Amino acid sequence: MATRYTGLCIGVTGLNANDNPGPGIAVIRALKAGLGDDIRIVGFAYESLEPGIYMQGLVDKTYQLPYPTAGTGALLERLTYINNQEKLTAIIPNFDAELHNFIIIAPSLLKIGIRTFLPSLAQLQVRDKANLFEFGNKNGLPVPPHYKLFSAADLPHVTEELGFPLVIKGKFYDAYIAVNMDSALKAFKQLEAAWGYPVIAQKYIKGTEINVAALGSGNGSNLSIVPMRKLYITEKGKAWAGVTIEDNALVELADQFAKATQWRGAYELEIIRDAEDQLFIIEINPRFPAWIYLAAAAGQNQPAALIKMSMGENVTPFNSYETGKLFIRHSWDQVVDIAEFQKMSAFGEL
Amino acid sequence: MEKLPYERPYIKRLTPGAMNKFGSHSGAQPFKHIDGVQVTNLIAAYGSPLFVLSETQIRRNYRSAYRAFSTRYPKVQFAWSYKTNYLNAVCQIFHSEGSWAEVVSGFEYRKALGNGVAGNKIIFNGPSKSKEDLMLAIENDSLIHIDHLEELNLLITLSENLTDKPRVAIRVNMDTGIFPAWDRFGFNYENGEAWNALTKVVASGKLRLTGLHCHIGTYIQSTSAFGIAATKLADLALRCKTVLDQTIEYLDLGGGFPSMNTLKGAYLPGTDTLPSIDDFAEEICNKLINSDFAPNELPLLILESGRALIDDAGYLLGTVLANKRLADGKRATVVDFGVNILFTSFWYDHQISPAQDFSPHTENMAIYGPLCMNIDVIRENINLPLLNPGDHLVVHKVGAYNMTQWMQFITFRPAVVLIDERQNIHLIKAAETLDYIEENENVPGHLKAK
Amino acid sequence: MKIKKNIATSENGFVFNPATGDSFSGNAMASVILLAMKNGVNTAEIKADILKKYDVSVAQLDRDWEDWIIQLKEANLLELELNHGN
Ligand SMILES: Cc1ncc(COP(=O)(O)O)c(C=O)c1O
C-alpha cells in the first residue's frame, strides 16, 4: 500500500554494525518501521567491511564516501554524484567525526534537493568534550569537573584535585580509567600521540550508566526523549543490553539541554547516577545512539520523526513511551561472496 | 601503429581497515598551471626545484584582509611582517598596497629602509635591538616596540639629550585562553608587569608613549583569543588615558591569523575548520568598538599579519627522483626538494599535486627529500597516483616562512620567480651558485690547494 | 617467475588468492601481465610484448618489472622456485 512516504530515498551512514556499532542499521530499521518498507535506503560507507553494506533486506545500495579528512569539497562532490544516480530525499549522518563536514555542506545539499536536520556548528562546539565542563557550569547542567591537559607536567596538580581513579580522554575518541599516576601518565602519552591537545582529565563518577536518546526541535524544546539504563556493558563500554526507564529528572535534564542550546536534531546524553542519586552528564553525542531502535520500539520513532521534520512537516512532540522494553544486541554472521567485497573495495559501490 | 599509454603495473591489497584519522582519499588533481603559466615551462626555464609566487594572489589576499577590517573599523593599517617573506619584490608588493613594514632586527630594519619605506612607517619589534639599531630607529622616527626592561632603560639613556622624544609602544603578553601562551615576549598583562612598564615609560619623561602592541602567537585557530587580546589592550589603553593622562594612538594586534594549510595530525582540513579573516575582523572590531573609547577617539588598529597574506600565493615545484619500496612494502617517492627548503613540512601536511595527467590508481606513499638525513620527510603518508622519475610535483601554500627560514645545507637553495598580474615571469631571486656560497670564505695560506 | 596456479583473476582486475584469502585489485597493466603469467608466458616474452604495444622504454620497463616482482612477492602470489632462473 503506497503512502506519502513511498519512494523516499534516504541516505544513512554508520553501517558498521560491529562490536563498537555505529547507529546506521538501527536508524534504518526505525525508518522502515516508521515510514514503510517501500522507502529506498542508500547506505554510505567508509570501509568495505561495514556489515550494513551486505544486508540486502535493509540497505538497497551502498556508496563509499571519502573520509572526513578529505574535507567538504570531496564530500559534496561525491554526494552530488550519488544524488544524480539516486535522487536523495534526505541524509542522516551518524558519525561524530563526519558531522562537522555535513553541517557545513547542508545548505549546498539542500540546493540539490537533499534535506538534513542538523545542529549548527556552534551547537556542535559547545557540547564538545573540551568545552563540556564550561558549558555545564554556565547552564546549570551537572557535569563532572574536568581539566584540559597540555603537558604531562599538568598531571600531578590535576590528579591531586580530582583524585584517583580518574578518566583520561582523547580530544576526539578513546578514554582510559587511570588508577594511579603511572597509568594516568601512560594514558596521557597515548592520547596525546593519537589525538593531540587537549587531553582531558575528568573526575571519575561511580554509579549506574544511563543514556538518553532525544530529538531537539531547534527552538529550545524536545520532540522526543527516551531514557535507557544499560544492563550489560561490553569491554568497550558499549551497552549490549538495556531497558527503557522512566525518571522525570532525566527528562528534565534533556529539556534543560535543549533549552540551553536550541539543539536541532538527534543527540544522546550519557549520564551516570551516583550512589546519592545525583545525575552527572559525562558526554553528549551529537547524533542518534546505536540503540535508537529501542526508542522506536518503545513508541517514539525518532529517526522517522527527524525525516518528517527535515521535510517541513509539523511533528507533534511524543509524550509517552513504554518502560520495561528491553534490547539485547546479538551478532549474526552474514555470508557473501568474495566478489561483493572486491567490488565494494575497488569501485566504492555495491 | 600508435602505441598504447603505459602505466606501471600495480596491485593493491584490498584491506578492510578501521576508520582512522589518516584518511585515504586521493583528492589529487593534476595541477598544470599557476596563474595561466604552465608548470613544465617554469621548470624548463628556471630549473627544479623552484619557488613560484603569484603577485595576483598576494594582492588579492591583502585587499580582502584590508577590506575585512576597514569595513568594520574606521582606522586600519597593515604592516608587512618582514620575517614571513622578505624578498624585496614581495615587500614592495605589500608596500605598494599601502602596508607599512614590521621588522624584528637591524637587518630587517635596514632592508625596509632600502625598500624606500619612510622611517615613521617602520614598526621595530623583537627582543634584540642593538644600541646602533635603536639610534637609527630614533633618528628615523620609527615606532619602537619595547620588549623588556633592559631595552626600556637603554632607550631612556639614549633619549637623555634629545629634543624630539622617540615614539614607543610596549609589547604586552597575556592569557588569551590558548596554548601555549607566548609569555616570553614583552610584559605580562595579568601580573601587572605591563602596567608597571607603562608607568615607567611615562615617568621617564623622555619617551612618547604612542601605542600598545601584542602578538599572541601564530596560526591561532580561535577568534575568541583575538577578542580577548583586543579587550585587554583596550583596557590598558583606557587606563593610560585615565590614570596616566596619555592618549594611546594605536593598538597593534600583531599577526597570527592562520593560513589555510592543514596542521600535521589535524583531523579535518584547514580549509573547513579555520575561521576566515572576516571572522577574526568581526571579533576584533566588535570588541574595540564596544569598548569604552569615545567613538571619535578610537585608536588606529594596526595588524602585522604574515602567513595569512602570503602562504597560498607560494608554490614549490619539484621533480620525482626515484621510487622505492620500504622494508614493510610501503612505497616511498624521493623528490628533489627537502626540508631544508620546505621547513614548513615539519608543521603542515602540505597538499601536493602531480603536475601532469595520471591514471586513476593511487598508492599510499611517503615522500622523502633528497638529503641524507632521516628527518628529511615531506609527507609521511599521502595518497598519490603512481609517479615516475622525471614527473613534476607542485606543493601548495608554501609562501610563508620558507623563503626566509630555508637552510643552505648539502645543496643550493633554488630560484624564486614571481608571476605578475599580466602573467609575465620575473626571476626575483636567482638560484645559489658555488661562488656565491664561498664568497665570504677564507682558506688560510697553508691550507690552500697546491 | 611463476604465478601460483590457483590464483583467481577476474577481468575487473581482481585477484583472489584462495590459499591465503587475500584479495587484490590491479590496474590494467597488472591485469595484462597477470593473465600472461598465468598462461605460462615467460618474462622475456611478456616484456617484449609490452614493449611492442605500449609506449615505454626498455629501461623504465626493467625498473618497473623489478618493482612488480617485489609486489607479487609481498602479496604472496609467486610460486616458490627452487631452481633460480626464469
Ligand atoms: C611580532 C610579530 N608580528 C607579526 C608576526 C607575523 O605572524 P603571522 O605570520 O602568524 O601572521 C610575527 C611572527 O612570528 C611576529 O613575531
Side-chain angles (χ1 to χ4, degrees), chain B residues 1-18 24-26 28 30 40 319-336 354 356-368 370 381-393, chain C residues 1 3-4 7-38 41 43 46-78:
Chain B
M1 190 187 74
E2 182 82 23
K3 287 200 173 177
L4 299 167
Y6 167 84
E7 188 187 51
R8 207 165 68 209
Y10 166 65
I11 52 170
K12 176 156 77 176
R13 191 186 297 266
L14 301 175
T15 42
S24 68
H25 74 290
S26 134
T40 43
T319 306
V320 174
L321 298 177
N323 284 306
K324 295 204 163 175
R325 276 203 190 272
L326 304 176
D328 63 357
K330 179 173 171 165
R331 176 163 286 275
T333 296
V334 185
V335 297
D336 65 353
Q356 53 279 311
D357 289 318
F358 48 79
S359 66
H361 284 267
T362 63
E363 194 171 354
N364 185 263
M365 59 183 84
I367 299 209
Y368 295 138
N381 272 298
I382 184 170
N383 278 357
L384 281 176
L386 307 181
L387 299 165
N388 290 310
D391 281 356
H392 298 310
L393 292 173
Chain C
M1 234 27 104
I3 204 104
K4 282 185 179 153
I7 299 295
T9 55
S10 79
E11 59 214 73
N12 283 333
F14 293 126
V15 184
F16 177 63
N17 183 346
T20 62
D22 287 327
S23 282
F24 303 86
S25 110
N27 59 2
M29 207 68 238
S31 300
V32 168
I33 300 176
L34 275 172
L35 191 67
M37 289 176 88
K38 262 191 69 167
V41 187
T43 303
I46 297 176
K47 283 186 178 174
D49 195 48
I50 292 173
L51 287 169
K52 201 169 75 201
K53 291 195 191 133
Y54 292 85
D55 184 16
V56 59
S57 70
V58 181
Q60 176 73 46
L61 182 59
D62 282 343
R63 172 72 186 80
D64 290 347
W65 190 267
E66 277 173 36
D67 184 57
W68 171 244
I69 298 304
I70 296 176
Q71 292 183 58
L72 293 180
K73 274 193 194 138
E74 178 72 27
N76 220 335
L77 296 175
L78 284 184

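Nothing here was measured: the structure is a model prediction, and the numbers come from that model. Note on naming: letters A, B, ... go to the chains in the order of the sequence lines (proteins, then strands), and numbering restarts at 1 for each one.
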S.K.: Residue by residue, which of residues 22-29 of chain C have a heavy atom closer than 4.5 Å to a heavy atom belonging to chain B?
M.R.: C:D22, C:S23, C:F24, C:S25, C:G26, C:N27, C:M29
S.K.: Answer yes or no: are there more than 12 heavy-atom neighbours, outside B:K330 itself, under 6.0 Å from its atom NZ?
M.R.: yes
S.K.: What distance separates B:Y6 OH from C:Q60 CD, expressed to the nearest 0.5 Å?
M.R.: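 Interatomic distance, B:Y6 OH to C:Q60 CD, rounded to 0.5 Å: 6.0 Å.
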S.K.: If I take atom OG1 from residue C:T9 and atom CD1 from residue B:I11, how far apart are they, to the nearest 0.5 angstrom?
M.R.: 11.5 Å
S.K.: Charged N to carboxylate O under 4.0 angstrom, B:R331 versus C:D67?
M.R.: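 Result for this pair is yes, salt bridge flagged.
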S.K.: Please answer whether the main-chain N or O of B:Y10 pairs with a side-chain N or O of C:Q71 as donor and acceptor at a distance below 3.5 Å.
M.R.: no
S.K.: Report the residues that fulfil side-chain hydrogen bond (donor to acceptor under 3.5 Å, both in side chains) with C:K4, sequence neighbours left out, ordered by chain and then residue number.
M.R.: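 Partners of C:K4 under the side-chain hydrogen bond (donor to acceptor under 3.5 Å, both in side chains) test: C:N76.
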S.K.: Indicate yes or no: at least one non-hydrogen side-chain atom of C:R63 is less than 4.5 angstrom from one of B:N323.
M.R.: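 Side chain of C:R63 against side chain of B:N323, heavy atoms only: contact under 4.5 Å found.
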S.K.: Answer yes or no: is there a side-chain heavy-atom contact under 4.5 Å between B:P9 and C:I33?
M.R.: yes
S.K.: Within the side chain of B:R325, is there an N or O that forms a donor-acceptor pair under 3.5 Å with the backbone of C:E74?
M.R.: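 Absent.
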S.K.: Between B:K3 and C:K52, which heavy-atom pair has the shortest distance, and what is it?
M.R.: CE-O, 3.3 Å
S.K.: Against chain C, label B:N388 side chain, backbone, both or neither, depending on which of its atoms sit under 4.5 Å from a heavy atom there.
M.R.: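 Interface part for B:N388: side chain.
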S.K.: Rounded to the nearest 0.5 Å, what separation is found between the CG atom of C:L61 and the CZ atom of B:R8?
M.R.: 12.5 Å
